[in-house]
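Single-structure report; data block below.
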Amino acid sequence: LFSVNDTTETPDLKQCYKLLKLTSRSFAAVIMELNPELRNAVMLFYLILRALDTVEDDMSIAHDIKVPLLRDFHKKLSLDDWSFDGNSPDEKDRAVLTEFNSILHEFHRLNKEYRDVIIRITKEMGNGMADYILDEEFNLNGVQTIKDYDMYCHYVAGLVGDGLTHLMVIARFASPELIKRPELFESMGLFLQKTNIIRDYAEDIEAGRSFWPKEIWSIYGEKLTNFQSPENTKQGVFCINHLVLNALEHVTDVLTYLSSIQERSSFQFCAIPQVMAIATLALVFNNEDVLHTNVKIRKGTTCDLILKSRTYKGCVDIFEYYLRDIRKRLNVEDPNYLKFNIHVAKIDQFI
Ligand code: PS7
Ligand code: MN
Ligand code: MN
Ligand code: MN
Ligand code: MN
Ligand code: MN
């Protein structure tokens with residue numbers, strides 16, 4: 001088990017790992033620990049999607065530049081050289097686009113099987129992102145229905161689960177049976193993305209966007225930004241809790257998926273983000289601070305989670321712990337009191 005990339009570290013590869021550390025707090029650590037067979041493929045997959053997301057997120061790029069760039073982004077992957085310095089200077093991840101040549105050069109050294117997966121997912125994600133930007137242009141303003149919400153999350157995260165699953169199956173680190181269970185890898189992505197969207201409410205409002213689905217928030221208020229006024233805090237918290245309940249729908253799929261990853265480093269790679277997500281869901285649950293700031297789990301908690309998530313049993317214990325914690329703090333006045341109890345009982349039964 002050793003690849004060319006392992007023995008010859010090029011300046012481009014060094015540059016890529018520098019970009020990885022620059023752009024992700026949590027993913028860099030788990031990617032570095034991956035089995036060498038998959039490490040470069042997953043690292044490059046990450047950087048390519050990070051570059052795509054940096055185009056999507058930059059509100060200063062004009063629509064007529066942004067939309068075709070998103071739609072054709074996968075075509076850049078077959079060029080020898082390409083980079084983009086159209087991002088605003090304060091875009092924190094702009095280096096992945098100005099330094100895209102290094103990413104490309106290393107990408108071309110990957111096995112074709114890995115490259116093809118990455119190209120397919122980049123194409124589907126870029127086109128999905130572009131659809132949502134067009135929606136905004138036609139003033140459908142953001143995510144309307146729960147179906148829309150799931151669709152957006154599919155494009156930006158379910159597809160990542162799709163791609164990673166294929167990479168792990170090609171490497172023979174995951175059961176090929178997983179390819180036949182798209183609902184499982186879809187849930188792996190949606191559980192992470194929904195948690196990120198709930199937690200980032202304040203940050204996203206500040207940036208002039210939001211991904212909370214209107215079908216849910218409109219039960220609790222007239223305008224999404226109203227939750228920031230003190231008189232609407234209670235409704236805002238009920239809304240957060242409703243979104244948490246919606247995210248918890250993915251838990252049984254997540255645990256089923258994790259139970260079928262055999263290789264140690266791939267298991268850790270899959271499990272760590274998921275246990276951090278359930279801990280984050282417990283933190284945002286019933287928490288009015290989410291309406292004003294970006295809450296984060298404590299460093300000590302993260303270290304603990306990483307240690308305990310080494311085995312499937314450890315992961316189940318973590319999910320059990322946070323679900324019990326959520327249930328304990330559930331308020332009888334919460335409009336979703338009954339649904340929460342039924343759903344948590346259902347997960348308990350599964351476990
Ligand atoms: C290829 C490792 C393991 C089967 C850049 C990992 C942004 C939550 O928007 O950086 O900046 O706040 O906080 C990661 C499934 C995707 C879903 C999605 C690619 C797990 C571009 C992660 C990550 C599937 C779109 C990062 C979905 O959050 O976001 C690789 C299995 C990128 C995974 C985005 C979000 C990821 C995300 P933001 P964050
Ligand atoms: Mn984005
Ligand atoms: Mn982003
Ligand atoms: Mn080069
Ligand atoms: Mn976010
Ligand atoms: Mn983020």
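For ligands, and for the atoms within them, numbers begin at 1 and follow the listed sequence.
A salt bridge is absent between R120 and D116; no separation between the charged side-chain nitrogens and carboxylate oxygens falls under 4.0 Å. Salt-bridge annotation for K92 and D58: absent, with no side-chain N of the basic residue lying under 4.0 Å from a carboxylate O of the acidic one.
Counting only N and O atoms by type, the side chains of E186 and H154 include a donor and acceptor under 3.5 Å apart. A side-chain donor-acceptor contact under 3.5 Å links T10 and E106. In the model, R71 has a side-chain atom that pairs as donor or acceptor with a side-chain atom of N127 under 3.5 Å. A donor and an acceptor atom, one from each side chain of S102 and D12, are located under 3.5 Å apart.
Under a 4.0 Å criterion applied to the non-hydrogen atoms of R25, ligand 1 contributes the atoms 10 (O), 13 (O). Residue contact check: F269 has heavy atoms under 4.0 Å from atoms 2 (C) of ligand 1. Taking a cut-off of under 4.0 Å to the non-hydrogen atoms of D200, the atoms of ligand 1 that pass are 12 (O). With ligand atoms numbered from 1 in the order given, ligand 1 contributes 8 (C), 18 (C), 27 (C), 35 (C), 37 (C) to contacts under 4.0 Å with heavy atoms of Q193. The distance from ligand 1 to the heavy atoms of C270 drops below 4.0 Å at these ligand atoms: 3 (C). Remark: ligand 1 atoms within the under-4.0 Å shell around heavy atoms of A157 are 27 (C). Against a heavy-atom cut-off of under 4.0 Å, Y257 is close to the following atoms of ligand 1: 4 (C).
Nearest-residue assignment for atom 20 (C) of ligand 1 (options L192, V42, T195; heavy-atom criterion): L192.
Classified by interplanar angle (parallel below 30°, tilted 30° to 60°, perpendicular above 60°), the ring pair Y220/H242 is perpendicular. Below 30°, between 30° and 60°, or above 60°: for Y132 and Y152 the angle between ring planes is above 60°, a perpendicular geometry.
Any N or O atom pair closer than 3.5 Å counts here, and R50 shares at least one such pair with ligand 1. At under 3.5 Å, a nitrogen or oxygen of N196, whether backbone or side chain, sits near a nitrogen or oxygen of ligand 1.
Between F100 and F73, the distance separating the two ring centers is shorter than 6.0 angstrom.
Residue contacts with ligand 1 leave out R199, since none of its heavy atoms falls under 4.0 Å from the ligand. F27 counts as a contact of ligand 1, since one of its heavy atoms falls under 4.0 Å from the ligand.
Under 4.0 angstrom from ligand 1, there are no non-hydrogen atoms of F185.
Considering just the N/O/S atoms of D200, the one nearest the Mn ion (ligand 5) carries the name OD2. Atom ND1 is the N/O/S atom of H105 found closest to the Mn ion (ligand 4). Nearest N/O/S atom of D12 relative to the Mn ion (ligand 4): this is OD2.
In terms of heavy atoms, I179 sits closest to F185 at O-CE2, 4.1 Å.
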